[in-house]
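Structure first, commentary second.
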Amino acid sequence: MIVVLNIIAAIFFLCSALYLIINDKKNYKSGSVIASLLFCIFLYLFVTVSNALEHSGITDFFDPAEDIAEVLFCLVFLFFANTWRTNETLNLIKSQSEHLAITLKSINDCVIATDKDGRINMMNSAAEQVTGWKQDEAQGKDINSVVNLINSKSKVTVENPILGTLQSGKIVNYLYDITLISKMDIEYRIVMSCAPIRYSLEEITGAIIVFRNITEEINLLERLHHFEKLDAVGQLAGGIAHDFNNMLGGIIGATQILEKKIADNPEAKKYIKLILEASDRASHLVKQLLTFGRKQESVKKEMNIFKPLKDALDLLKNTIDPRINILTNLSSEEIIISGDPALLQSAFLNILINAAQAMPDGGNIDVTLKKTEIDSYYCNASPFKINPGNFCKIEITDSGCGIASENLNKIFEPFYTTKGVGKGTGLGLAAVYGAVQQHGGAINVYSEIGKGTRFCILLPVVSAEREIKIQINTDEIRGNNTILLVDDESIMRVIAGDILEDLGYRVYIAENGKEAVHMFRNIYQEVDLVILDMIMPVMNGRDCMVELKKIRPDIPVIFASGFIQNDLIEEFSNQVQGFIPKPYNQFDLSKIVYDALHKQ
Amino acid sequence: MRLIYYTIIFFIFPATLPGAQETTSVSSTEIFTLSIYLIGFPLFYNTLKSVDLPGFMYFLITYIFLVISNIFTVAEGFFFPELFNLVEHLALALSSISMFFAIHAFITKNRSPGKKGV
């Protein structure tokens, strides 16, 4: 029985040994681990074989060595356990340091560690990228030779905070106005923080510097501020333009009346014509200002963007220097947008004219039109308020003189021009900017001195064609109805009143909404139409209309304003019979009055 | 304390029994070997309990069977020599089986019962 048990034990020990030998190649971790384990097994294999021989009566020759083998087993087994533990601990340390190294490499912020003398002993990939130094090159180098810092504004060299940290043991933060100059002399705006490395409370063994490249963010912020400034200027320009419109309305109206009254004086008519021409030019300027300020009334309809672009190109081809080649790559796909064709054509023409003027010795103008999809990432990064979706992309590239980077931010500002005195108003690109924004789009410009300029316009694409509003000028139409004219501008009251009377209408005039309501209570039965200025003190046009409708719900109303916005048109289109933008002439006024009266 | 207690129970107390002197044939090397195994047990256990040795529990069982085998080697010198001798060799056989499983777990990196493996 004992012999059998020993034989079984010997077989299992032998199998264990063979199993270990066969498989140790796959699982070989450490020579001493496997060897000690194997030695243990062989010791007990020896013991069991010796026992089997002894109890079967063959020989007891190996018996004295059995106890030694057993003791040896115990010791070797302990050695095996200890070796395994050491290996495992080393593996754990190795994997932890690998994990730490990978984590450090994966950090998007730049991390550099130095010893207590400020010599670099570690830097991560982000730091390598920004500084331009590789870890191997920078290893052991002084921090100042790798991380070269200057003040962003004064360009004066700034002492590396790591040296201060090493001396004082305090955390130092540089949050703004710091620029790092890389090995390749590229400037990066950064924010940085520097902290000491301590193994004990007293001893500082080094310092760690963490910094982030914020160049993109700073640029974006600057662009955003610039566009905000443009918006503010636009608001201001729009406000001024509104007052100018009122004044121009007065001048044009009075001149037209005067023209009729002195029809028999050709000398005077000549000057009147001059006044009207100057007023017309002034009106055009105001229109551009309003476009920039996005307060110009636009006749938006769903249309193929190809047409205004093609029209602008055709117009340009006939007027530019023949040495300028216009190369077009316009998508054959029908790209429908909701927009004002005239406004867009004017915008494209403005850019094309600028492109042509940038090439006095000839060159190429490339015009491309294609449909593109804009994602949320682009929209978030854009200073324009655009939403993700399909856009048409119009790129106009010239090979001209280019725009200096310091001027690039100013080109959309109203009255900014690099052209000589009298050659440009400085409103062309401002109007383009306004037109693009009015269409819910975005405009970007890229330029390099001596190489050229590229304007990239994005306009949101729609699917179906639907006309929102069409307004057509016709010849003056006369009438004999009674009209209540409400306007806070005395010039407009006088002029519009005279025009209407001249057209045969009977006119009541009120200075503001409150006076109009008061007057209307007495004459509501005889008034056929009310012309209301939208922006007035005391009571504005909107409130006045509500009050008038309370007195007589079916009274036709026309809104007049220096800037009529599309959202306002949509809001009141069911309540009012028409909108007339200021400045208006007698033809426009007669037409809209006639239409409003005959809508009844 | 337990070691002292079991030493008294198994070795000193039986040796004082009447007629024990006649049956005692224990050698000093057997007692020394047993001492080594008993001292080695906490060392072995403490060394490996904190690390993930694949098949740790099987190795532990193997070791325990070897300790048992050694205990009965000593014990058979005092009484029930045939029975305890059989138990000694049975423990040795069981330790060999356990060792095989320990090697299997060690090789295949499977989890041993009650202990995490790699």
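Per chain, numbering begins at 1; letters A, B, ... match sequence-line order.
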### A:Cys40 SG to B:Met99 CE distance, which is reported to the nearest 0.5 Å
6.0 Å
### Task
Return the set of residues passing side chain to side chain donor-acceptor pair (under 3.5 Å) with A:Asn51 (not counting sequence neighbours), or none when no residue passes.
A:Asn6
### Task
Could you walk me through whether B:Leu66 and A:Tyr44 pass side-chain contact (heavy atoms from CB on, under 4.5 Å), step by step?
CA-CA 10 Å; B:Leu66 291 176; A:Tyr44 257 94; 3.2 Å; yes
### Within 6.0 Å of CD in A:Gln129, more than 12 heavy atoms from elsewhere
no
### Query
Side chain, backbone, both or neither: which part of A:Leu14 has a non-hydrogen atom closer than 4.5 Å to chain B?
neither
### Task
Kindly give the heavy-atom pair with the smallest separation between A:Arg85 and B:Asn46, and that separation in Å.
NH1-O, 3.7 Å
#### Entry: Pairwise distance CD1(A:Ile8) to CG(B:Leu90) - rounded to 0.5 angstrom
9.0 Å
## Note on the structure
Output for pair (A:Asp67 CG, B:Ile31 CD1), nearest 0.5 Å, gives 11.0 Å
### Query
Any idea which of B:Ser98, B:Ser96, B:Ser35 has the most non-hydrogen atom pairs under 4.5 angstrom with chain A?
B:Ser96
### Task
For A:Glu217, look at atom CD and say whether over 12 heavy atoms of other residues, nucleotides or ligands are found less than 6.0 Å away.
yes
### Message
Can you confirm whether A:Leu18 is buried at CG, in the sense that more than 12 heavy atoms of other residues, nucleotides or ligands lie under 6.0 Å from that atom?
### Response
yes
### Task
Using the test side-chain contact (heavy atoms from CB on, under 4.5 Å), find all partners of A:Lys134 that sit at least two apart in sequence or belong to another chain.
A:Glu128, A:Glu137
### Message
Is A:Phe13 in contact with chain B via its backbone, its side chain, both, or neither, using a 4.5 Å heavy-atom distance?
### Response
both
### Task
Apply the test side-chain contact (heavy atoms from CB on, under 4.5 Å) to residues A:Phe80 and B:Leu53: give CA-CA distance (whole Å), side-chain angles for both, the deciding distance (0.1 Å), then the verdict.
CA-CA 11 Å; A:Phe80 155 73; B:Leu53 173 68; 4.0 Å; yes
#### Entry: Closest heavy-atom pair and its distance - B:Leu86, A:Met1
CD1-CG, 3.4 Å
### Message
Counting only heavy atoms not in A:Asp375 (residues, nucleotides, ligands), do more than 12 fall under 6.0 Å from its CG?
### Response
yes
#### Entry: Near-ring test B:Phe106/A:Trp84, centroid separation under 6.0 angstrom
yes
### Query
With a cut-off of 6.0 Å (strictly less than), are more than 12 heavy atoms of other residues, nucleotides or ligands near CZ of B:Phe101?
no
### Query
Which region of B:Phe41, side chain (C-beta onward) or backbone (N, CA, C, O), has a non-hydrogen atom less than 4.5 Å from a non-hydrogen atom of chain A, or is it both or neither?
neither
## Note on the structure
Closest non-hydrogen contact found for B:Ile103 with A:Leu37 is CD1-CD2, 3.5 Å
### Task
Select all residues of residues 68-77 of chain A having any heavy atom within less than 4.5 Å of some heavy atom of chain B, and report them by number, or 'none'.
A:Glu70, A:Val71, A:Phe73, A:Cys74, A:Phe77
## Note on the structure
For B:Gly40 and A:Leu78 the tightest heavy-atom approach is O-CD2, 3.7 Å
### Query
Please, which pairs that meet salt bridge (Lys or Arg N to Asp or Glu O under 4.0 Å) have at least one residue in residues 104-115 of chain A, sequence neighbours excluded?
A:Asp109-A:Arg212, A:Asp115-A:Arg119
### Task
Measure B:Phe32 against the heavy atoms of chain A and call it side chain, backbone, both or neither at under 4.5 Å.
side chain
